[in-house]
Number of protein chains: 4
Amino acid sequence: MPTVAFLGLGAIGAPMARHLAAQPLGLRVWNRTSSRAAAFAAAHGAVHAMTPADAARGADVVITCFPVSGDVESLLDGPDGLLAGLGAGSVLVDCTSGDPATSTRIAARLAAQQVGFLDCPVSGGVVGAEAGTLTIMVGGDAALLERVRPVLEVFGKKIVHCGAIGAGDAVKAVNNALLALHLWSTAEGLVTLRRAGVAPAVALDVINTSSGRSNASMNLFPERVLTRAFPRTFRLALLDKDVGIAAQVAREQRVPAPLLQLTAEFFTAARSALGEEADHVEVVRFIEQLAGTEISA
Amino acid sequence: MPTVAFLGLGAIGAPMARHLAAQPLGLRVWNRTSSRAAAFAAAHGAVHAMTPADAARGADVVITCFPVSGDVESLLDGPDGLLAGLGAGSVLVDCTSGDPATSTRIAARLAAQQVGFLDCPVSGGVVGAEAGTLTIMVGGDAALLERVRPVLEVFGKKIVHCGAIGAGDAVKAVNNALLALHLWSTAEGLVTLRRAGVAPAVALDVINTSSGRSNASMNLFPERVLTRAFPRTFRLALLDKDVGIAAQVAREQRVPAPLLQLTAEFFTAARSALGEEADHVEVVRFIEQLAGTEISA
Amino acid sequence: MPTVAFLGLGAIGAPMARHLAAQPLGLRVWNRTSSRAAAFAAAHGAVHAMTPADAARGADVVITCFPVSGDVESLLDGPDGLLAGLGAGSVLVDCTSGDPATSTRIAARLAAQQVGFLDCPVSGGVVGAEAGTLTIMVGGDAALLERVRPVLEVFGKKIVHCGAIGAGDAVKAVNNALLALHLWSTAEGLVTLRRAGVAPAVALDVINTSSGRSNASMNLFPERVLTRAFPRTFRLALLDKDVGIAAQVAREQRVPAPLLQLTAEFFTAARSALGEEADHVEVVRFIEQLAGTEISA
Amino acid sequence: MPTVAFLGLGAIGAPMARHLAAQPLGLRVWNRTSSRAAAFAAAHGAVHAMTPADAARGADVVITCFPVSGDVESLLDGPDGLLAGLGAGSVLVDCTSGDPATSTRIAARLAAQQVGFLDCPVSGGVVGAEAGTLTIMVGGDAALLERVRPVLEVFGKKIVHCGAIGAGDAVKAVNNALLALHLWSTAEGLVTLRRAGVAPAVALDVINTSSGRSNASMNLFPERVLTRAFPRTFRLALLDKDVGIAAQVAREQRVPAPLLQLTAEFFTAARSALGEEADHVEVVRFIEQLAGTEISA
């Protein structure tokens, strides 16, 4: 079995790393807030690396999981940086929901010292990370994916090779942009109907057995909006970032995508109005405010 | 059992009427193209009425099923019109995917001669109509709905009282507008990904197990777009009409609904480009043309 | 000279009526708030009519000037209504910034009793009304316009026959929609530049000698936004109404007009956020809030 | 007087260079298509430089004028590149309608060898370039601007210091984006009115004395659209590029700018439909096609 290092023990990263720690992979962990890495190492029998370089040294596979690609890029340089530790022939597997442009830059720098790179964003949320059933979208060389597949299978159930470097990032961003779009469109529809005298629960009852249904209407609205629960599971700020990445890819590819571009604008406005800690489903509150009508049961 | 008349033996109306003809309801049928009504009457043991008035005369429940509300409104007047035949205490059940404003006008004219009105658009398509398992969205008086419920149950499986007159129309229009929006948004996403090097089938494989999935991505794209089959099951012109109704309701209710309004614009442009006979899923072709890229397997 | 009646002594209407009162037209005036009409009659030597019917009785030309077409329509009926006073052969000249659909309905009711109708919205604001230099956009029969032209020339400088009934309304609404669009677009541009480090006054200095200039950039931004004066000269609520009329005309004509439709949405949202008394230029404040940046000198 | 070099003898660059050649500036010129530079040098008494390095060698001020910033960036490197010729203390004045990100990168590379940089896009078109009355939008160090001002004054009439490096690019891009927006919005309005029965010339007559007027409505529509002349003076492809730069700046600055972003999409679609050689005003043809109605006199 290969030796593995894991950097970024956040809400998604920590449960992923826990699955890895349960395997004979000589797991080394690093985290920006050092105490989290120390606690993790103590609890799960991993080695607490003091620096990214230290974590990467001797590892066959280094996995990163951060909010944005820029976080990974910023760990590359310096005497403590990843590039100082990564050995020729090793692979960086970046599970960040990143952007293709930054992934491409990172990959080029790694390639210069014979280190491989795969962008591997995941979907499934905290629940999927804890169950080890994540979907993994892979961009990069197919042969490299085969080499690291046994490691990915420790925490992922569905592993999809999407294309060249950046393709994993692009698929993840577009999926999340569709989530954002469907959240917004369903809120527009339900606010309109409520103002026309139709109870949101009645409208959803019909829509969810009809052609207008989506993951947003079937799961998020009944469980989180009608109940006014709005649990904080995935930050609006991060979804805004994802929509922005999808919008950027469309622009670079010169694809007219007006609904996508407009959704990027609206999420930016909603994020600015609702703050950095709001949950992604709370974007519905922004639409409710503009309309002066609430989508409640 | 009540006596029933049915007007409008189109692709959805004919199978609905067939279920009614199999019950002891003394069914009378009328159709603009008279030969269709004659053939239906002969085949299913119904009475072929020569005029709308003739169909309505003596009927407890008159059911109409046409492309737009204006079709129903145009049948009201004149010596052969519905108003000349409908008796006090009878009910007009309009299964057209109509618009609330016209439904409200029709209901007011019927009320003036003690005739009830329910807007009852249906969803489920030709398949649901043939199986007798349609979803029926009802707008109007709840007690009136209870009176006609046994008739609706002959062809409907899920009957939902949505609110006052026009509420059924509104729910149907919003559902279809969400379908339209998700068709368009998913096409934007898949074209973008294809240009970024990701095969549409791979992208859909990921999206359909992730948060961006919708009825459009799970059913329409795999079955109709990737295959390039584009079967003609529901005309783009009719979906454009439905999106327009939803947009109109939002405007009247003063609800800012930018994605919905923009989708109304784009469907109008697509209808004009693709023609009156195009299927609703062919809107994808319009997006493909704008981008110069096809979403094929 | 013909006998003239004037209904609606608001901010625009009163100075228009003042010019008419200075001519030998036997002017009769009516206003919803009766005291305004009484004061006007006393000050300018006109007759204070007690009801719309009373004002219209014996008049050759009846001029109305209200916030919306619905106001005029609501004055038609009843024993005190306009229809009770208007004589065959007289003409209703509606200077309201109205909507074509309502104007068409009003015209049909008047035609039934041999009364002519022209929709004649005006532009030029309070300043133009006081100077008697308004531009008048006329919809309706050209011969009828020639008959009332001497009356219109009392307060208007440029009189343009735009087309059939409703055409005057349509031109006025589209002009105002362009104003709304240019206000919004210029605000987007100036906020963007300010955030990129360019002072709004510097940006306007360039734009106003370049191809991006508009009435909004040349007059409204320098005088009202950079100074933060935001004088209340024309209510945002009324401009929102005008944009809505233009958007409605585009929909009825099946013209894809995405920028116009979107602007209608944004003005509705801005009006809801800023209130009924806000000036139209204050829409800029809404954009500033969404962006978190002010366009000040 | 300083010694000057000029690179990029296109439609705008050539007349600018002609004004410089008439001054005692020891002008050296370079052009990608060498024959143009040879002909220019012969006709105007300038020196024909064989390479960018050769042009820059010994020059105090090097002026570049190309379609996009990337063109300038691509001239920097190699033995024949600008960096090989530019001396410490010299200044690169880039009159390209560029993008701030690339300008910033170019400036950083020049700074490393003590060469100054100013982004100086111009407006005024071919006519302004020939008359020597261009407006120049300057980004970069104010003291540096003072040093080169005498050179800029040879071809520019209005010289505006907009801010730091990239600010000139940003102002130019936003100005052009407003032009694009006003072209599109006015076309939407005129197509709508024409379908409602109002002749475009009549509508423009009103709008151009009213609040909805803009440079587009006052100059471009009467001279180029109503006449169907559509002269080719400025390519749609270049305006699309400018709108894209403005949209990119708004995104980077996190300013919600929905009309701007949407206009970027529509121009991309129009460019793809109309081709690389279409004039910017021909975007009106695209809107006419979508609506099925022409804006002609």
Side-chain angles (χ1 to χ4, degrees), chain A residues 100 123-124 135 137 158 160-164 166-167 170-171 174-179 181-182 184-186 188-193 195-199 202-203 205-207 209-217 246 249-250 252-260 262-263 266 287 290-291 293, chain B residues 100 123-124 135 137 158 160-164 166-167 170-171 174-179 181-182 184-186 188-193 195-199 202-203 205-207 209-217 246 249-250 252-260 262-263 266 287 290-291 293:
Chain A
S123 77
T135 293
M137 290 145 258
K158 184 180 180 89
V160 182
H161 184 237
C162 296
V171 171
V174 165
N175 175 75
N176 281 15
L178 290 176
L179 165 63
L181 236 150
H182 301 168
W184 188 285
S185 62
T186 305
E188 285 188 358
L190 293 177
V191 167
T192 296
L193 286 174
R195 283 271 273 274
V198 181
V202 169
D205 181 34
V206 172
I207 290 166
T209 56
S210 299
S211 53
R213 71 186 183 278
S214 66
N215 170 55
S217 72
V249 174
E252 285 164 3
Q253 299 296 340
R254 304 197 59 69
V255 171
L259 293 190
L260 170 57
L262 215 49
T263 300
F266 297 158
I287 300 162
L290 289 178
T293 297
Chain B
S123 77
T135 294
M137 290 144 258
K158 184 182 180 89
V160 182
H161 186 236
C162 296
V171 171
V174 165
N175 175 75
N176 281 16
L178 291 176
L179 165 62
L181 235 151
H182 301 168
W184 189 285
S185 61
T186 305
E188 286 187 357
L190 293 178
V191 167
T192 298
L193 287 174
R195 282 270 273 274
V198 180
V202 169
D205 180 34
V206 172
I207 290 166
T209 56
S210 298
S211 54
R213 72 186 183 277
S214 65
N215 171 56
S217 72
V249 174
E252 284 164 3
Q253 299 296 340
R254 304 197 58 70
V255 170
L259 292 190
L260 170 56
L262 215 49
T263 301
F266 298 157
I287 302 163
L290 288 178
T293 297

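Naming convention: chains lettered A, B, ... in sequence-line order (proteins, then strands); numbering from 1 in each chain.
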Pair count under 4.5 Å, heavy atoms only, with chain A: among B:Thr186, B:Val206, B:Thr293, highest is B:Val206

With A:His182 as partner, the option from B:Ser185, B:Ser211, B:Ser217 fulfilling side-chain hydrogen bond (donor to acceptor under 3.5 Å, both in side chains) is B:Ser185

Report the option among A:Val171, A:Leu178, A:Leu259 that has the most heavy-atom pairs separated by less than 4.5 Å from atoms of chain B.
-> A:Leu259

With only heavy atoms counted, which part of A:Ala250 is less than 4.5 Å from chain B, the side chain, the backbone, both or neither?
-> both

Which of A:Ile207, A:Val202, A:Asn176, A:Thr135 touches chain B most, by non-hydrogen pairs under 4.5 Å | A:Ile207

Which of B:Val249, B:Val174, B:Val255, B:Asn175 passes side-chain contact (heavy atoms from CB on, under 4.5 Å) with A:Leu193? Answer is B:Val174

Is there side-chain contact between A:Lys158 and B:Asp205, with at least one heavy-atom pair below 4.5 Å?
-> yes

Which pair of non-hydrogen atoms, one from B:Val198 and one from A:Ala167, has the smallest distance, and what is that distance?
-> CG2-CB, 3.9 Å

Do you know which of B:Ala291, B:Pro256, B:Ala199 has the most heavy-atom pairs under 4.5 Å to chain A?
-> B:Pro256

Just give me the residue among B:Thr263, B:Ile287, B:Leu190, B:Val160 that pairs up with chain A most often, heavy atom to heavy atom, under 4.5 Å.
-> B:Val160

Taking all atoms of both residues into account, what is the closest heavy-atom pair of B:Thr192 and A:Ala246, and its distance?
-> CG2-O, 4.5 Å

Non-hydrogen atoms of chain B under 4.5 Å away: do they reach the side chain of A:Ala196, the backbone, both or neither?
-> both

Portion of A:Ser210 that has a non-hydrogen atom of chain B nearer than 4.5 angstrom | both

Which residues share a salt bridge (charged side-chain N to carboxylate O under 4.0 Å, His left out) with A:Arg195, sequence neighbours left out = none

Starting from the C-alpha separation in whole Å, work towards a yes-or-no answer on side-chain contact (heavy atoms from CB on, under 4.5 Å) for A:Leu262 and B:Leu262.
-> CA-CA 10 Å; A:Leu262 215 49; B:Leu262 215 49; 3.0 Å; yes

From the list A:Gly197, A:Cys162, A:Ala216, A:Gly163, the residue making the most non-hydrogen contacts under 4.5 Å with chain B is A:Cys162

Distance col, row B:Glu188:CD vs A:Leu260:CG, nearest 0.5 angstrom, shows 6.0 Å

Roughly how far, to the nearest 0.5 Å, is the OG1 atom of B:Thr209 from the CG atom of A:Asn215?
-> 10.5 Å

Side chain from CB out, backbone as N, CA, C, O: work out which of these in A:Pro258 comes under 4.5 Å of a heavy atom of chain B, or both, or neither.
-> both

